[in-house]
S.K.: 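Dropping a structure here in structure tokens format, bear with me for questions.
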Amino acid sequence: NFFDELDRQREAEGKDKVRRDNAADQSLNTHLLNGLFPANLIERRLAQLDTTIRRIVKEQERRLVISGFILHDFEKFPDAPDDCRKLPLTDHRQIIDEKVKQLGLDRFINPTDETAYQDYIDDLLCMAYNAQRRWDTNWNFSEFGLNPTLKDRVLRSLSDLTCLADSLASIVKHPYDADHPRLNELLHTLSDGQLKLTYHSISENRGVLTNVVNNALVEAHTSLNE
């Protein structure tokens, strides 16, 4: 529905429709899960190496980056105002505040103090703004008006992790997408040059593969009956 509405707006403005090759087959829920799981695994791997992530991303920061990614497409929530990305910062803060409480992220961010998230509204917004690098990055905080709580280096790392999660969910459709420049640029930055994505593939003979699968299914069926 979100993309249909964008298409209607762009058609009225005489513009081409939005490219859907990265998003048309995903609901928002699916998109979030497709980003959270691999990004969380990569973050845990980074925490095992001598990286900036290991030194600065602790439990609190991990809770914030997960929350930031869940909120990063706040304009796509069903009850979001029209063109809400164009609204002023005060409205964005209100949207994030309402979504944090609605989704239970207030209890997730700090299980012992459900009001603690309020100190991180602007940090969550910064991650949301920077999850997709086509949006304004808004790093000039004094000019844009953001007043984050986290230190700059921490916030940049969390924003890169948020962008990595969004990129994994948006870009990866086939194994060879692991070579996408954005993914490896982000991973290079996050791992201080220690990690890169790669993939393996095999040349398949469709006839042989079909026979192998069919035989496996027959054996599984026989085993279950026994």
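All figures in this text were calculated on a predicted structure; none of them were measured in a lab.
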S.K.: Applying side-chain hydrogen bond (donor to acceptor under 3.5 Å, both in side chains) between His72 and each of Asp166, Asn130, Thr162, report the one that passes.
M.R.: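 Checked Asp166, Asn130, Thr162 against His72; only one passes side-chain hydrogen bond (donor to acceptor under 3.5 Å, both in side chains): Asp166.
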S.K.: Heavy-atom count around Glu185 CD within 6.0 Å, excluding the residue itself: above 12?
M.R.: no
S.K.: Fit a plane to each ring of Tyr176 and Tyr199, take the angle between them on a 0 to 90° scale, and name the class: parallel (under 30°), tilted (30 to 60°) or perpendicular (over 60°).
M.R.: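 Perpendicular, since the angle between the ring planes exceeds 60°.
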S.K.: Kindly assign one of parallel, tilted or perpendicular to the pair Tyr129 and Phe74, based on the angle between their ring planes and the thresholds 30° and 60°.
M.R.: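 Perpendicular.
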S.K.: Between Glu11 and Asp7, is a side-chain contact (heavy atoms from CB on, under 4.5 Å) present by the stated rule, with each step listed?
M.R.: CA-CA 6 Å; Glu11 184 178 9; Asp7 286 340; over 6 Å; no
S.K.: Between Asp91 and Cys84, is any pair of side-chain heavy atoms under 4.5 Å apart?
M.R.: no
S.K.: For the atom pair CG (Leu158) and CD (Glu61), what is the distance rounded to the nearest 0.5 Å?
M.R.: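 Leu158 CG to Glu61 CD: 6.5 Å, rounded to 0.5 Å.
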S.K.: Which atoms form the tightest heavy-atom contact between Asn147 and Asp122, and what is the distance?
M.R.: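 Taking Asn147 first and Asp122 second, the nearest heavy atoms are N-OD2, 2.6 Å.
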S.K.: Any salt bridge between Arg10 and Asp16, counting N to O under 4.0 Å?
M.R.: no
S.K.: Specify the closest pair of heavy atoms between Leu164 and Leu190, including all atoms of both residues, with the distance to one decimal.
M.R.: CD2-CD1, 3.9 Å
S.K.: Please round to the nearest 0.5 Å and tell me the distance separating atom CD1 of Ile96 and atom CD of Gln94.
M.R.: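 Between Ile96 CD1 and Gln94 CD, I get 11.0 Å after rounding to 0.5 Å.
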S.K.: Does Glu59 come within less than 4.0 Å of Arg63, counting only side-chain N to carboxylate O?
M.R.: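 Between Arg63 and Glu59 there is a salt bridge, with a charged N closer than 4.0 Å to a carboxylate O.
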S.K.: Are Leu103 and Leu33 in one and the same hydrophobic cluster, where Ile, Leu, Val, Met, Phe, Trp and Tyr link if side-chain heavy atoms are under 4.5 Å apart?
M.R.: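 Leu103 does not cluster with Leu33.
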S.K.: Picking from Asn184, Leu187, Ile42, what satisfies side chain to side chain contact (heavy atoms under 4.5 Å, CB included) with Leu195?
M.R.: Leu187
S.K.: Answer yes or no: is there a side-chain heavy-atom contact under 4.5 Å between Tyr117 and Leu105?
M.R.: no
S.K.: Any salt bridge between Asp152 and Arg156, counting N to O under 4.0 Å?
M.R.: yes
S.K.: Dump the intermediate steps for side chain to side chain donor-acceptor pair (under 3.5 Å) on Gln9 and Glu13, then the final yes or no.
M.R.: CA-CA 6 Å; Gln9 293 175 10; Glu13 298 169 1; over 6 Å; no
S.K.: Going from CG on Asp123 to CG on Leu146, what distance comes out if it is rounded to the nearest 0.5 angstrom?
M.R.: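 One gets 8.5 Å once the value is rounded to the nearest 0.5 Å.
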S.K.: So among Thr149, Asn110, Asp113, which one has a side chain to side chain contact (heavy atoms under 4.5 Å, CB included) with Asp119?
M.R.: Thr149
S.K.: Which residue is it: Leu124, Ile95, Ile66? I am looking for the one with a side chain to side chain contact (heavy atoms under 4.5 Å, CB included) to Leu71.
M.R.: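 So, applying the side chain to side chain contact (heavy atoms under 4.5 Å, CB included) to Leu71 and each of Leu124, Ile95, Ile66, only Leu124 qualifies.
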S.K.: So does Lys15 have more than 12 non-hydrogen atoms from other groups sitting under 6.0 Å from NZ?
M.R.: no
S.K.: State the CZ-OG distance between Phe69 and Ser159, to the nearest 0.5 angstrom.
M.R.: 13.0 Å
S.K.: Considering all heavy atoms of both residues, which atom of Leu197 and which atom of Ala178 are nearest to each other, and what is their separation?
M.R.: CB-O, 3.6 Å
S.K.: With a 4.0 Å cut-off on N to O distance, would you call Glu5 and Arg8 a salt bridge?
M.R.: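 A salt bridge links Glu5 with Arg8.
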S.K.: Around Gln118, counting heavy atoms of other residues, nucleotides and ligands shown, do more than 12 lie under 6.0 Å from its CD?
M.R.: yes
S.K.: Ion pair present between Arg54 and Asp50, side-chain N to carboxylate O less than 4.0 angstrom?
M.R.: no
S.K.: Examine Leu168 and Phe37 and state if one hydrophobic cluster contains both, with Ile, Leu, Val, Met, Phe, Trp and Tyr joined whenever side-chain heavy atoms are less than 4.5 Å apart.
M.R.: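 Hydrophobic grouping puts Leu168 apart from Phe37.
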S.K.: Side chain to side chain contact (heavy atoms under 4.5 Å, CB included) with Ser157: which of Leu46, Thr51, Thr52?
M.R.: Thr52
S.K.: Taking the side chain as every heavy atom from C-beta outward, state whether Asp79 and Lys99 have any pair of such atoms under 4.5 Å apart.
M.R.: yes
S.K.: Between Ala165 and Ala39, which heavy-atom pair has the shortest distance, and what is it?
M.R.: CB-CB, 3.6 Å
S.K.: Are the side chains of Pro38 and Leu41 in touch, meaning some heavy atoms are under 4.5 Å apart?
M.R.: no
S.K.: Nearest 0.5 Å, what's the CZ-CG distance between Arg55 and Asp192?
M.R.: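 The CZ atom of Arg55 sits 6.5 Å away from the CG atom of Asp192.
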S.K.: Of the non-hydrogen atoms in Ile109 and Gln60, which two are nearest, and what is the gap between them?
M.R.: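 In this case the closest contact between Ile109 and Gln60 is O-NE2, 3.3 Å.
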S.K.: State plainly whether one hydrophobic cluster holds both Phe108 and Leu28, where clusters connect Ile, Leu, Val, Met, Phe, Trp and Tyr through side-chain heavy atoms under 4.5 angstrom apart.
M.R.: yes
S.K.: Would you sort out whether Ser170 and Ser167 count as a side chain to side chain donor-acceptor pair (under 3.5 Å), showing the intermediate values?
M.R.: CA-CA 5 Å; Ser170 300; Ser167 300; over 6 Å; no
S.K.: Rounded to the nearest 0.5 Å, how far does CD of Glu75 lie from CZ of Arg85?
M.R.: 4.0 Å
S.K.: Using every non-hydrogen atom in the two residues, find where Met127 and Val65 come nearest and quote the distance to one decimal.
M.R.: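 So the minimum-distance heavy-atom pair works out to SD-CA, 3.8 Å.
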